Amino acid sequence: MPSRRKVVLVASRKTVGKLNVNDVIDQLVGHGFEVNVEEYFNPPLFGSNSHARVKPDTEIVVVLGGDGTMLRAAELVHGTDVPIVGINMGHVGFLAEFERFQIQDALAKIASRDYSIDERVVAQVAVTIPHQSTPIMDWALNDVTIENAERGRMLEIAIAVDDVDVSSFGCDGVIISTPTGSTAYAFSAGGPVIWPEVGALQLVPLAAHALFARPLIIGAQSTFSIHIPHSDQSTQAATQAWICADGRRQQVLPQGSTIDVHQSSQTVKLARLIGIPFSSRLVSKFDLPVRGWRQGSAQHTLNDGEKK
């Protein structure tokens, strides 16, 4: 019987702890896996369309780290059917399925294939730069950010949805996120949480100088278009913006550039524990106050009355 294959990805042996990594490798080998270790690697260039680095017969990619490490792992499997499972070694670790203290249980479930596959929406990005005939293509599992390259200056943008102009304003930038990324930067900027199974993308303005600058959510068949117009050279010095996919791959955006973002036909597959709903993950990871202060106050009053 041929050995099973797995990739273990770590941010760095120094960060995670060499003993922990070696122990995980030994346990995986004990479960019959052939283990390949991928340590920290630099992000590919924006639009490089680099091929996935996992072998076709890879069964699953195990990630030891936080959400940033999970996003690096997504670069390994993008364009394949290989799933990712995360063991959180960081702080929140929203994308991870297990915590550090659950390593042995996690590896046992992985070995017995006691998990389901959750297919996550991927954003397809096309950047059209003036005087270039071919758009630069990239993608994002979490989010795409567009910001001013010169801090302290406002970025002027125009937004369209399905070729219909929707709004324009000055701002610090915008975030276009997938449902997966709705609990990350977009959430911090005031965007709503979108459940992973929803086929949608959202756009969240950053410190927009406008009366109407609320988050926008579009469906699976729609496209956001963000245009960076040329400034009036007599009143404002020329500035450039930049785009960043998943906080890793960056590209300068000269004035006159247009960025189109829509839902990709490809997905990234995450291995999930069977029967654990997203709502439970949301409550536990964000430590949500499911019992409000009014309920607590009422309970204390009742208890005091009972004592009397």
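Scope of the values below: all heavy atoms of this structure, side chains included, with no hydrogens, waters or symmetry mates. On a predicted model such as this, the values are computed, not experimentally measured, just so you know.
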Chemist: Could you tell me the separation between the OG1 atom of Thr223 and the CG atom of Asp163, rounded to the nearest 0.5 Å?
Modeler: 8.0 Å
Chemist: Can you tell me if CD on Gln132 sees more than 12 non-hydrogen neighbours from other groups inside 6.0 Å?
Modeler: yes
Chemist: So Asp81 and Lys269, side-chain contact (heavy atoms from CB on, under 4.5 Å) or not? Walk me through it.
Modeler: CA-CA 7 Å; Asp81 291 325; Lys269 297 174 174 58; 3.2 Å; yes
Chemist: Is the shortest side-chain N to carboxylate O distance from Lys6 to Glu59 below 4.0 Å?
Modeler: no
Chemist: Show the nearest heavy-atom pair for residues Leu64 and Thr69, with the distance to one decimal.
Modeler: O-CG2, 4.0 Å
Chemist: Is there side-chain contact between Val8 and Leu28, with at least one heavy-atom pair below 4.5 Å?
Modeler: yes
Chemist: Going only through I, L, V, M, F, W and Y residues with side-chain contacts under 4.5 Å, is there a path from Val125 to Val174?
Modeler: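 Shared cluster, yes.
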Chemist: State whether the side chain of Ser48 and the backbone N or O of Pro44 hold a donor-acceptor pair below 3.5 Å, judged by distance alone.
Modeler: no
Chemist: Keeping Asn88 on the side-chain end and Arg100 on the backbone end, is there a donor-acceptor pair under 3.5 Å?
Modeler: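 Side chain of Asn88 to backbone of Arg100: no pair is present.
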Chemist: What's the shortest heavy-atom distance between Ile136 and Gly47, and which atoms?
Modeler: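 Looking at all heavy atoms of both residues, the closest pair is CG2-CA, 3.7 Å.
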Chemist: With distance as the sole test, does Asn148 use its side chain to make a donor-acceptor pair with the main-chain N or O of Arg153 at under 3.5 Å?
Modeler: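 At least one qualifying donor-acceptor pair exists.
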Chemist: Assess whether side-chain contact (heavy atoms from CB on, under 4.5 Å) is satisfied between Val283 and Val290, documenting all intermediate values.
Modeler: CA-CA 8 Å; Val283 171; Val290 294; 3.8 Å; yes
Chemist: So with a 6.0 Å cut-off around CG of Asp57, is the heavy-atom count from everything else above 12?
Modeler: yes
Chemist: Given side-chain contact (heavy atoms from CB on, under 4.5 Å), test Ile117 with Arg272 step by step and report yes or no.
Modeler: CA-CA 6 Å; Ile117 299 298; Arg272 292 301 189 200; over 6 Å; no
Chemist: Considering only heavy atoms from C-beta outward, does the side chain of Asp138 approach that of Arg249 to under 4.5 Å?
Modeler: yes
Chemist: Between Glu34 and Lys55, does any side-chain N to carboxylate O distance fall below 4.0 Å?
Modeler: no
Chemist: Which heavy atom of Trp195 sits nearest to which heavy atom of Leu282, and what is that distance?
Modeler: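 Closest approach of Trp195 to Leu282: CH2-CD2, 3.7 Å.
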Chemist: How far does CG of Leu71 sit from CG of Leu95, to the nearest 0.5 angstrom?
Modeler: 6.0 Å
Chemist: In terms of hydrophobic clustering (I, L, V, M, F, W, Y; side-chain heavy atoms under 4.5 Å; direct or indirect links), are Leu107 and Tyr115 co-clustered?
Modeler: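 In one cluster: yes.
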Chemist: Specify the closest pair of heavy atoms between Met137 and Ala126, including all atoms of both residues, with the distance to one decimal.
Modeler: SD-CB, 3.6 Å
Chemist: Minimum heavy-atom separation for Ser116 to Leu273, with atom names?
Modeler: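 In this case the closest contact between Ser116 and Leu273 is OG-O, 4.3 Å.
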Chemist: Strictly under 6.0 Å, is that where the ring centroids of Phe94 and Phe286 end up?
Modeler: yes
Chemist: Taking the side chain as everything from C-beta on, heavy atoms only, tell me whether Gln202 gets closer than 4.5 Å to Ser182.
Modeler: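 SC-SC contact between Gln202 and Ser182 confirmed.
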Chemist: Can you check whether Ile226 reaches Ile176 side chain to side chain, under 4.5 Å on heavy atoms?
Modeler: yes
Chemist: Is the closest side-chain heavy-atom distance between Ile87 and Phe101 below 4.5 Å?
Modeler: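 Contact flag for Ile87/Phe101 side chains = no.
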Chemist: Look up atom CD in Glu147 and atom SG in Cys171, then write down how far apart they are to the nearest 0.5 Å.
Modeler: 9.0 Å
Chemist: I need the Glu75 CD to Met70 CE distance, nearest 0.5 Å.
Modeler: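 These two atoms lie 13.0 Å from each other.
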Chemist: Could you tell me the separation between the CD atom of Gln104 and the CD atom of Gln102, rounded to the nearest 0.5 Å?
Modeler: 11.5 Å
Chemist: Please determine whether residues Val204 and Leu141 belong to a single hydrophobic cluster, defined as Ile, Leu, Val, Met, Phe, Trp and Tyr linked transitively by side-chain heavy-atom distances below 4.5 Å.
Modeler: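 In one cluster with Val204: Leu141, no.
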Chemist: Please list, chain by chain and in numerical order, all residues satisfying ring-ring contact (aromatic ring centres under 6.0 Å, His included) with Phe98, sequence neighbours excluded.
Modeler: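 In terms of ring-ring contact (aromatic ring centres under 6.0 Å, His included), with neighbours along the sequence ignored, Phe98 is linked to no residue.
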Chemist: Going by heavy atoms in the side chains, are Gln255 and His227 under 4.5 Å from each other?
Modeler: no
Chemist: To check you understand the geometry: which heavy-atom pair defines the closest contact between Pro196 and Pro179, and what is its length?
Modeler: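 For Pro196 versus Pro179, the nearest heavy atoms are CA-CB, 4.0 Å.
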Chemist: Are Ile175 and Phe187 connected in a single hydrophobic cluster, I mean Ile/Leu/Val/Met/Phe/Trp/Tyr linked by side-chain heavy atoms less than 4.5 Å apart?
Modeler: no
Chemist: When rounded to the nearest 0.5 angstrom, what is the spacing between CG in Asp162 and OG in Ser222?
Modeler: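 Going from CG on Asp162 over to OG on Ser222, the span is 3.5 Å.
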Chemist: Kindly indicate, with the supporting measurements, whether the criterion salt bridge (charged side-chain N to carboxylate O under 4.0 Å, His left out) is fulfilled by Glu99 and Lys285.
Modeler: CA-CA 11 Å; Glu99 298 299 324; Lys285 293 291 186 179; 2.6 Å; yes
Chemist: Are the side chains of Val61 and Val85 in contact, using a 4.5 Å heavy-atom criterion?
Modeler: no
Chemist: Taking atom types as modelled and ignoring hydrogens, do the side chains of Ser225 and Asp260 form a donor-acceptor contact shorter than 3.5 angstrom?
Modeler: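 On atom types as modelled, these side chains qualify, holding a pair under 3.5 Å.
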Chemist: Membership question, hydrophobic clusters at under 4.5 Å side-chain separation (ILVMFWY): are Phe169 and Leu155 in the same one?
Modeler: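 As far as the 4.5 Å side-chain criterion goes, Phe169 and Leu155 are connected within one cluster.
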Chemist: Would you check, one step at a time, whether the test side-chain contact (heavy atoms from CB on, under 4.5 Å) holds for Val77 with Ile84?
Modeler: CA-CA 8 Å; Val77 302; Ile84 306 170; 3.6 Å; yes
Chemist: Between the side chains of Thr180 and Asn142, does any donor sit under 3.5 Å from an acceptor?
Modeler: no
Chemist: When you compare the side chain of Asn36 with that of Arg5, does any pair of heavy atoms fall below 4.5 Å?
Modeler: yes
Chemist: Checking the side chain of Thr58 only, and the main-chain atoms of Val54 only, is there a donor and an acceptor separated by less than 3.5 Å?
Modeler: no
